[in-house]
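All of these numbers come straight from a predicted model, not from anything done at the bench.
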Amino acid sequence: MLDAKHFRDGIEETAVQLARRGFELDVNTLKALEVQRKELQVRTESLQSERNARSKEIGQAVGRGEDTAPLKAQVGALGDQLDAAKAELQQVQASLQDIISGVPNLPAAEVPEGLDEEQNVEVSRFGEPPVFDFTPKDHVEIGEALNNGLDFDTARKITGARFAVMKGGVARLHRALTQFMLDLHTEQHGYLETYVPVIVNHASLQGTGQLPKFGEDLFHVEGESQDKVALSLIPTAEVPLTNFVRDEIIDEEQLPMKLTAHSACFRSEAGSHGRDTRGLIRQHQFDKVELVQMVKPEDSMAALEELTGHAEQVLQQLGLPYRKVLLCTGDMGFSATKTYDLEVWLPAQNTYREISSCSNMGDFQARRMQGRFRRKGAKKPELLHTLNGSGLAVGRTLVAILENYQQADGSVVVPEALRPYMAGVERISQG
RNA sequence: GGUGAGGUGGCCGAGAGGCUGAAGGCGCUCCCCUGCUAAGGGAGUAUAGAGUUUAUAGCUCUAUCGAGGGUUCGAAUCCCUCCCUCACCGCCA
């Protein structure tokens, strides 16, 4: 959510900035509602104030033993006016809220303008795509051929499309990856390891921006009763982790707050029928190690570089070729001011595919969730800046390893960094 | 799931229809006093929103005592619903 100031003073400027990312702000409607809001709020509050004062007078009159019936009648009439004004105000505020909660974050100045991923800007590359003296297979072919590897047929039977079963060496490799990532981030990068719920309430989803706009991307849990709070499966551990600071005021000394968690993530993938249907690339359920930081506003852009670097470390230590891309305005997520994607090389697709997305959300999420901090000696708390990134998507990392480390005989070499987590196993073989 | 007790400011804890944004204490901040230490005295100490304003300074107003609804001229206080916490029992990994 943007600061309400953006919609009062300088709304035109806000509209211009939003237009950069292809969002059209309804300036006229907002202006009209704002005029109404102001008038109604002033009226409501002054009525309220008058009623409070009159009621106090009644109390004093009672104390003196006077007859209060005429006074009461007067104040009663006041109350009716107040109720009417309140109802009107509420309506206007709801309309405003509707519009405002659907407005995306403002892109940072240095974010290139563009409509879609075509206009993203490559920032850097690491590693060389491996050269094979045979035709490289894709991860599905490799994984299914391995002794106890990937098994999509069984997953289809027990659940349905876009789910996977992993077995044997592949399942272990998958587990090794999460262990490796968590150890790296906690031991080398200073993150606190956490374990978090994968089912969250809607206040949390509002806080990070998945709701109200993107409910169809989520799996929703049926509540036990109609009055229970609505719950959904998390699409990313960003949701529980960032909501650590919802409705909190953090001491300055505790910043930056750096959290990591391994979790399953669930996405309904509504609207992506037919895209990446083969293999592990686009699943309804996948594992991810998430990085989240809560920092002071002046530190957030540096923190984005740092956090992205932490995700890059995983790829580098695994020896996976990748490139770093600065997303253009049109390709950024709803809540982001600036986003880097890390794209790993996939030989079978002969291209780079997203494996991590690292974003600075500025104060956008913090404002929604009232996540604040207080500077030493300062009276007023300030909004935090929040950042998050995948460090990394485990399933896609597995894909990258299967494809980049595949051998002519169909076996897959285990990257050295993972061997301590695999009891020294150097290679996963067929048969 | 059952029974019982509760949810009040950073924390503890009073209040049981009006003078309570909320006593008292602890903590914290500033000031004074005191060779050091210990102790003492005084002042201050929630958040959000709106209006005014060059101002994130002041001033004025509104809201908030778990949440939502209701009764009332007026609710922390009365009524209803829900949520949560604690204790014991049942069940379970």
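Taking the P atom of each, B:A43 and B:G25 are spaced 12 Å apart, rounded to whole Å. When the C1' atom is used for both B:G21 and B:U47, the distance is 11 Å, rounded to whole Å. Spacing of C1' atoms, B:G24 relative to B:C36, comes out at 34 Å, to the nearest Å. Of the C1' atoms belonging to B:U77 and B:U72, the separation is 13 Å, rounded to the nearest Å. Spacing of C1' atoms, B:G13 relative to B:C65, comes out at 13 Å, to the nearest Å. Comparing the C1' positions of B:C61 and B:G68 gives an interatomic distance of 26 Å, to the nearest angstrom. Separation of the C1' atoms belonging to B:G66 and B:U56 is 31 Å when rounded to the nearest angstrom. The gap from the P atom of B:G10 to that of B:G1 amounts to 32 Å, rounded to the nearest Å.
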For this session: Any chance you could lay out the side chain to side chain donor-acceptor pair (under 3.5 Å) test for A:E193 and A:T186, step after step, and finish with the verdict?
Result: CA-CA 6 Å; A:E193 180 167 351; A:T186 55; 4.7 Å; no

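What separates CZ of A:R372 from P of B:U47 is a distance of 8 Å, to the nearest Å. As a whole-Å value, the separation of A:R43 CZ from B:U62 P is 17 Å. Residue A:L89 contributes atom CG, which lies 19 Å from atom P of B:C61 at whole-angstrom precision. One interatomic measurement links the two molecules: CG of A:D247 to P of B:G10, which rounds to 12 Å at whole-angstrom precision. Per the geometry, CD belonging to A:E253 stands 14 Å off P belonging to B:C28, to the nearest Å. Remark: C1' of B:A63 and CD of A:E50 are 18 Å apart, rounded to the nearest angstrom. As rounded to whole Å, 13 Å separates atom C1' of B:U20 from atom CG of A:N52.
Scored by the salt bridge (charged side-chain N to carboxylate O under 4.0 Å, His left out) test, A:R367 finds A:D363 as partners (sequence neighbours excluded). Every residue was checked against the side-chain hydrogen bond (donor to acceptor under 3.5 Å, both in side chains) condition with A:E426, not counting sequence neighbours, and none meets it. For A:Q91, the side-chain contact (heavy atoms from CB on, under 4.5 Å) criterion is met by no residue, not counting sequence neighbours.
Using modelled atom types, one finds a donor on one side chain and an acceptor on the other under 3.5 Å when comparing A:T339 with A:S359.
A 3.5 Å limit on both hydrogen-bonding distances identifies B:G25 as the Watson-Crick or G-U partner of B:C11. B:C19 is unpaired under the criterion used here, namely a Watson-Crick or G-U wobble arrangement in which both key atom distances are under 3.5 Å. Under the Watson-Crick or G-U wobble criterion, with both distances below 3.5 Å, B:U81 is paired with B:A67. Of all nucleotides present, only B:G42 satisfies the Watson-Crick or G-U wobble test against B:C30, with each distance under 3.5 Å. With a 3.5 Å ceiling on both atom-pair distances, B:U72 lacks any Watson-Crick or G-U wobble partner. With both pairing distances under 3.5 Å, B:G4 is matched to B:C86 as a Watson-Crick or G-U wobble pair. Of all nucleotides present, none satisfies the Watson-Crick or G-U wobble test against B:A93 with each distance under 3.5 Å. Partner assigned to B:C59 is B:G51, using Watson-Crick or G-U wobble distances below 3.5 angstrom.
Side-chain proximity of A:Q48 to the nucleotides B:C61, B:A63, B:U47 is greatest for B:A63.
Taking the six-membered ring for Trp, A:H220 and A:H202 have ring centres closer than 6.0 Å.
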For this session: Classify every nucleotide of nucleotides 49-57 of chain B by which part a protein heavy atom approaches to under 4.0 Å, writing B for the base, S for the sugar-phosphate alone and - for neither, in 5'-to-3' order.
Result: BSSS-----

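The residue from A:E305, A:E312, A:K324 that alone fulfils the side chain to side chain donor-acceptor pair (under 3.5 Å) condition with A:Y340 is A:E305.
Proximity of A:S46 to the phosphate of B:C61: no side-chain N or O atom is located under 4.0 Å from OP1 or OP2. When the side-chain nitrogen and oxygen atoms of A:N201 are compared with OP1 and OP2 of B:C83, none of them lie within a distance under 4.0 Å.
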Under 3.5 Å, which protein N or O atoms sit close to an N or O of nucleotides 73-79 of chain B? Give each pair with its distance.
from	atom 1	to	atom 2	distance (Å)
B:C73	O2'	A:S55	OG	3.2
B:G74	O4'	A:S55	OG	3.2

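By the 4.5 Å heavy-atom criterion applied to side chains, A:Q119 and A:D331 are not counted as neighbours.
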Expected list for residues 289-298 of chain A: side-chain donor-acceptor pairs under 3.5 angstrom, two or more places apart:
from	atom 1	to	atom 2	distance (Å)
A:E290	OE1	A:K288	NZ	2.5
A:Q293	NE2	A:Y191	OH	2.9
A:Q293	NE2	A:E306	OE1	2.9
A:K296	NZ	A:E252	OE2	2.9
A:E298	OE1	A:R375	NH2	3.2
A:E298	OE2	A:R375	NH1	3.0

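A:R367 comes within 4.0 angstrom of nothing in the nucleic acid, heavy atoms only.
Using the six-membered ring where Trp is involved, A:H189 and A:H310 have ring planes that are parallel, under 30° apart on the 30 and 60° scheme.
Side-chain atoms of A:R21 come within 3.5 Å of backbone atoms of A:N105 as a donor-acceptor pair (strictly under, hydrogens ignored).
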